[in-house]
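The block underneath contains the structure these notes are about, expressed in structure tokens.
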Amino acid sequence: MPRCWFVFLFLSFILLLATAEASQCSIRGIPLVRNISELPQDDYGRGGLSHITVAGSVSHGMKEIEVWLQTFSPGSRTPIHRHSCEEVFVVLKGSGTLYLASSSHEKYPGKPQEHFIFPNSTFHIPVNDAHQVWNTNENEDLQVLVIISRPPVKVFIYEDWSVPHTAAKLKFPYYWDEQCLQAPVKDEL
């Protein structure tokens, strides 16, 4: 076998290993600089949502923060939910409504306050405050950059604003972490 053929096979084997190392659930082999348009994108069974984990605990090894790029088509929304982490939103395009419960630390979330959100606006969600983001713009997608602390996120979902906190349903791991989350994480709540 000629030497160049051996080198070709060896390099092909190395490339195959590198590809296996850089699977969706492996943090090994992920380049430092990535193109967002090449990152995995999915709706996770939630029509109208496009979610990309830009930098995550499960998929990228982040320990203190996680960053998502989410796009909501007109009329789509998050469920009413809360989580044991802080969350910051930056509205990149579109507009909509943030619903934030003012009595989240009582027995149930209660009637939420409505806040108009718009391009270049930002807002934060305190730990355990029930909230919902809704694209109420009928003509344009709502795109947000989301930064959360203490990943991976544990989400408590409510059917409506009058559901007691004790009846909220825990969703962990969350949809975009289901495939890759290996070990159980200590519950913070």
Side-chain angles (χ1 to χ4, degrees), residues 34-37 39-105 109-161 163 165 168-178 181 188-189:
R34 296 176 299 279
N35 183 336
I36 289 175
S37 65
L39 295 176
Q41 173 179 317
D42 201 335
D43 70 358
Y44 297 92
R46 293 174 42 196
L49 170 70
S50 168
H51 173 91
I52 298 172
T53 299
V54 176
S57 64
V58 174
S59 54
H60 304 105
M62 303 295 292
K63 304 225 184 303
E64 301 296 326
I65 63 167
E66 191 157 288
V67 180
W68 307 329
L69 180 62
Q70 294 183 325
T71 304
F72 298 88
S73 64
S76 63
R77 62 188 180 265
T78 67
I80 301 167
H81 67 285
R82 69 177 169 89
H83 33 71
S84 62
C85 62
E86 295 172 306
E87 187 172 28
V88 175
F89 286 78
V90 178
V91 180
L92 302 175
K93 71 176 189 175
S95 60
T97 305
L98 163 67
Y99 296 93
L100 183 64
S102 57
S103 58
S104 285
H105 302 287
K111 182 175 167 56
Q113 298 173 346
E114 294 182 29
H115 303 275
F116 178 67
I117 57 176
F118 50 90
N120 297 318
S121 64
T122 184
F123 56 94
H124 70 277
I125 307 297
V127 173
N128 284 322
D129 277 5
H131 59 285
Q132 181 178 44
V133 175
W134 197 322
N135 181 355
T136 51
N137 184 325
E138 297 176 2
N139 303 310
E140 185 178 18
D141 287 348
L142 170 65
Q143 187 174 59
V144 294
L145 191 65
V146 184
I147 301 98
I148 66 160
S149 65
R150 299 166 49 180
V153 65
K154 297 175 189 83
V155 178
F156 290 86
I157 299 173
Y158 297 78
E159 292 295 320
D160 62 51
W161 295 97
V163 170
H165 294 304
K169 295 181 178 130
L170 173 63
K171 177 64 178 129
F172 182 77
Y174 209 56
Y175 299 103
W176 34 87
D177 292 333
E178 282 180 337
L181 189 62
E188 299 288 338
L189 294 177

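- Between Q70 and H51, the closest side-chain pair of non-hydrogen atoms falls below 4.5 Å.
- Atoms NZ and NE2, on K171 and H83 in that order, are 14.5 Å from each other to the nearest 0.5 Å.
- In this structure, G110 and A101 approach most closely via the heavy-atom pair O-CB, 4.4 Å.
- Heavy-atom minimum distance, L100 versus H131: CD1-CB, 3.8 Å.
- The structure places NE2 of H81 at 9.0 Å from CD of Q132, a figure rounded to the nearest 0.5 Å.
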Identify every side-chain donor-acceptor pair in residues 135-147 under 3.5 Å, counting partners at least two apart or on other chains, and give the distances.
{"from": "N135", "atom 1": "OD1", "to": "N137", "atom 2": "N", "distance (Å)": "2.9"}
{"from": "N135", "atom 1": "ND2", "to": "F72", "atom 2": "O", "distance (Å)": "2.9"}
{"from": "N135", "atom 1": "ND2", "to": "S73", "atom 2": "O", "distance (Å)": "3.3"}
{"from": "N135", "atom 1": "ND2", "to": "E140", "atom 2": "O", "distance (Å)": "2.9"}
{"from": "T136", "atom 1": "OG1", "to": "T97", "atom 2": "OG1", "distance (Å)": "3.1"}
{"from": "N137", "atom 1": "OD1", "to": "N139", "atom 2": "N", "distance (Å)": "2.7"}
{"from": "N137", "atom 1": "OD1", "to": "E140", "atom 2": "N", "distance (Å)": "3.2"}
{"from": "N137", "atom 1": "ND2", "to": "S95", "atom 2": "OG", "distance (Å)": "3.1"}
{"from": "Q143", "atom 1": "NE2", "to": "T71", "atom 2": "OG1", "distance (Å)": "3.1"}

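- For K169, the side-chain contact (heavy atoms from CB on, under 4.5 Å) partners at least two apart in sequence or on another chain are E159.
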### Task
I would like to know whether L69 and L92 meet side-chain contact (heavy atoms from CB on, under 4.5 Å); could you show each step before the answer?
CA-CA 10 Å; L69 180 62; L92 302 175; 3.6 Å; yes
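- Atom CD of E64 is separated from atom CD1 of I148 by 11.5 Å, given to the nearest 0.5 angstrom.
- Listed by chain and number, the residues in a side-chain hydrogen bond (donor to acceptor under 3.5 Å, both in side chains) with Y158 are R82, H165 (sequence neighbours excluded).
- Contact of the R46 side chain with the P79 side chain is registered, since non-hydrogen atoms from C-beta on lie closer than 4.5 Å.
- Among residues two or more places apart in sequence or in another chain, the side-chain contact (heavy atoms from CB on, under 4.5 Å) test is passed with P119 by none.
- Of all the heavy atoms in S149 and C85, the pair that sits closest is O-CB, 2.9 Å.
- Taking 4.5 Å as the limit, some side-chain heavy atom of T122 sits within range of a side-chain heavy atom of V88.
- Atom CH2 in W161 sits 5.0 Å away from atom CD1 in I80 (nearest 0.5 Å).
- Atoms CG and CD, from L49 and Q41 in turn, are 9.0 Å apart once rounded to the nearest 0.5 Å.
- The side-chain hydrogen bond (donor to acceptor under 3.5 Å, both in side chains) test applied to W68 returns E66, not counting sequence neighbours.
- F123 pairs by the side-chain contact (heavy atoms from CB on, under 4.5 Å) definition with F89, V91, L98, I117, I125, V133, not counting sequence neighbours.
- Rounded to the nearest 0.5 Å, atoms OG (S84) and CZ (R150) are 4.5 Å apart.
- Under the rule for a side-chain hydrogen bond (donor to acceptor under 3.5 Å, both in side chains), E86 has no partner lying at least two apart in sequence or in another chain.
- Applying the 6.0 Å contact sphere to CG of N35 captures more than 12 heavy atoms from other residues, nucleotides or ligands.
- Among residues two or more places apart in sequence or in another chain, the side-chain hydrogen bond (donor to acceptor under 3.5 Å, both in side chains) test is passed with D160 by S162.
- When all heavy atoms are compared, the tightest approach of S57 to P152 is OG-N, 3.4 Å.
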